[in-house]
Amino acid sequence: MELLGEITADRPLLVVAVKEEAQFLGAGFPVLLTGIGKVNAATALATVLARGPRPSGIVNLGTAGALRPGLRGTHVIGSVIQHDLDSAMLAALTGEMYGAPLDLADEGGPVLATGDSFIADDAARDRLAARAALVDMEGYAVAAAAQQAGVPVRLVKHVSDEAGDGAARTWQESVAECGRELAVWAAEHLTVGS
């Protein structure tokens, strides 16, 4: 975890997993580098929110794999699920719902599936495509931590690969360009107070 810049109540906090995704972001907003995965993302964000001050909002910028053909570019997520938590089984065992889908303020955006596995085979991609359009490794954790803290949250993902065979190589080859596109989105859509 690394916090670049200072969190203030009049600016959003940009939450990014790795420096490669954040390398082109300007100095106008604080950036939290969480590390990869749900645990790293949730604990890093919860830690900085607990310390205060609170930002005006949280924007999770990052890469995502496309689960369906033809998905490219930058997407503002409408809802997010955990693809690696068996919520139905846990509900049957405990009578409680854990890991329910999270709806975000950006209604109409695609569904994002978050899990701790990097999806890089066609069979796993095809199974997930029935439930979501995109897949990542931090979005659900960031959204859950932000919502529990009462801070508005947006998830913005740029497609880096097709989440199938060869996805790891494609991600490595495209992450810098994805970072550049995410920085363009941030410059066009974020302002002080947003």
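Quick caveat: nothing in here was measured; it's all calculated off a predicted structure.
A continuous path of hydrophobic side-chain contacts links Val80 to Leu45 [ILVMFWY only; heavy atoms under 4.5 Å]. By the criterion of side-chain heavy atoms lying less than 4.5 angstrom apart, applied directly or through intervening Ile, Leu, Val, Met, Phe, Trp or Tyr residues, Val111 is not grouped with Val153; the two fall into different hydrophobic clusters. Val156 and Leu102 end up in different hydrophobic clusters when Ile, Leu, Val, Met, Phe, Trp and Tyr side chains are linked at under 4.5 Å. Phe24 and Val59 fall into different hydrophobic clusters, where Ile, Leu, Val, Met, Phe, Trp and Tyr side chains are chained together by heavy-atom contacts under 4.5 Å. Cluster membership for Leu190 and Val16, using ILVMFWY side-chain heavy atoms within less than 4.5 angstrom, is shared.
A search for side-chain hydrogen bond (donor to acceptor under 3.5 Å, both in side chains) contacts involving Asp121 returns nothing, not counting sequence neighbours. With sequence neighbours excluded, no residue forms a salt bridge (Lys or Arg N to Asp or Glu O under 4.0 Å) with Asp116. Shown here are the salt bridge (Lys or Arg N to Asp or Glu O under 4.0 Å) partners of Arg68, two or more places apart in sequence or in another chain: there are none. Evaluation of the side-chain contact (heavy atoms from CB on, under 4.5 Å) rule for Val18 yields Glu20, Glu21, Ile36, Trp171 as partners, not counting sequence neighbours. For Ala44, the side-chain contact (heavy atoms from CB on, under 4.5 Å) partners are Met1, Leu32, Thr34, not counting sequence neighbours. Residues meeting the side-chain contact (heavy atoms from CB on, under 4.5 Å) test with Thr43, sequence neighbours left out: Val39. Arg54 is linked by a side-chain contact (heavy atoms from CB on, under 4.5 Å) to Leu49, Ala149, Val151, counting only residues two or more places apart in sequence or in another chain. Scanning for salt bridge (Lys or Arg N to Asp or Glu O under 4.0 Å) contacts around Asp106 gives Arg154, with sequence neighbours left out.
Summarising the geometry of Leu85 relative to Gly99, their closest heavy-atom pair is CD2-CA, 3.7 Å, with the distance given to 0.1 Å. Nearest heavy atoms, Pro12 versus Pro30: O-CD, 3.5 Å. Minimum interatomic distance between Asp84 and Gly115 (heavy atoms only, all atoms of both residues): OD2-CA, 3.4 Å. The two atoms that bring Met89 and Asp86 nearest to each other are N-OD1, 3.0 Å, heavy atoms only. Ala145 approaches Ala42 most closely through the heavy-atom pair CB-O, 4.4 Å.
At least one donor-acceptor pair closer than 3.5 Å links the side chain of Arg11 to the backbone N or O of Glu6. Put simply, the side chain of Asn60 gets close to the backbone of Val15: a donor and an acceptor are under 3.5 Å apart. At least one donor-acceptor pair under 3.5 Å links the side chain of Thr94 to the backbone N or O of Glu96.
Residue pairs that meet the side chain to side chain donor-acceptor pair (under 3.5 Å) test with at least one member in residues 173-184, sequence neighbours left out, are Glu177-Arg180. Sorted by first then second residue, the ring pair (Phe, Tyr, Trp, His ring centres under 6.0 Å) pairs that include residues 74-107, not counting sequence neighbours, number zero. Under the side chain to side chain donor-acceptor pair (under 3.5 Å) criterion, the residue pairs touching residues 158-167 are Thr74-His158, with sequence neighbours excluded.
Residues Ile77 and Pro110 meet the side-chain proximity criterion, which asks for heavy atoms closer than 4.5 Å. Counting heavy atoms from C-beta on, the side chains of Leu13 and Leu3 come closer than 4.5 Å. With contacts defined as side-chain heavy-atom distances shorter than 4.5 Å, the pair Asp10/Ser56 does not qualify.
The distance from atom CG of Leu4 to atom CD of Glu2, rounded to the nearest 0.5 Å, is 4.5 Å. For the atom pair CD1 of Ile81 and CG of Asp103, the computed distance is 11.5 Å after rounding to the nearest 0.5 Å. In this structure, the separation between CG on Leu61 and CG on Leu25 is 6.0 Å, given to the nearest 0.5 Å. The structure places OG of Ser79 at 8.5 Å from CG of Leu112, a figure rounded to the nearest 0.5 Å.
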**Request:** Please report the C-alpha distance between Tyr140 and Leu155 in whole Å, then the side-chain angles of each, then the deciding distance to 0.1 Å, and finally whether the side-chain contact (heavy atoms from CB on, under 4.5 Å) criterion is met.
**Result:** CA-CA 9 Å; Tyr140 189 97; Leu155 306 180; over 6 Å; no

**Message:** Go through it in stages, so that I can follow the logic: the residues are Gln82 and Ser87, the test is side-chain contact (heavy atoms from CB on, under 4.5 Å), and I'd like the CA-CA distance, side-chain angles, deciding distance and then a yes or no.
**Reply:** CA-CA 9 Å; Gln82 291 187 79; Ser87 297; 5.8 Å; no

Would you list the atom pairs, donor with acceptor, under 3.5 Å between side chains in residues 126-136 and any protein atom, with sequence neighbours excluded?
residue, atom, partner, partner atom, Å
Asp136, OD1, Thr114, OG1, 2.6
Asp136, OD1, Gly139, N, 3.4
Asp136, OD2, Glu138, N, 3.4
Asp136, OD2, Gly139, N, 2.8
Asp136, OD2, Lys157, NZ, 2.8

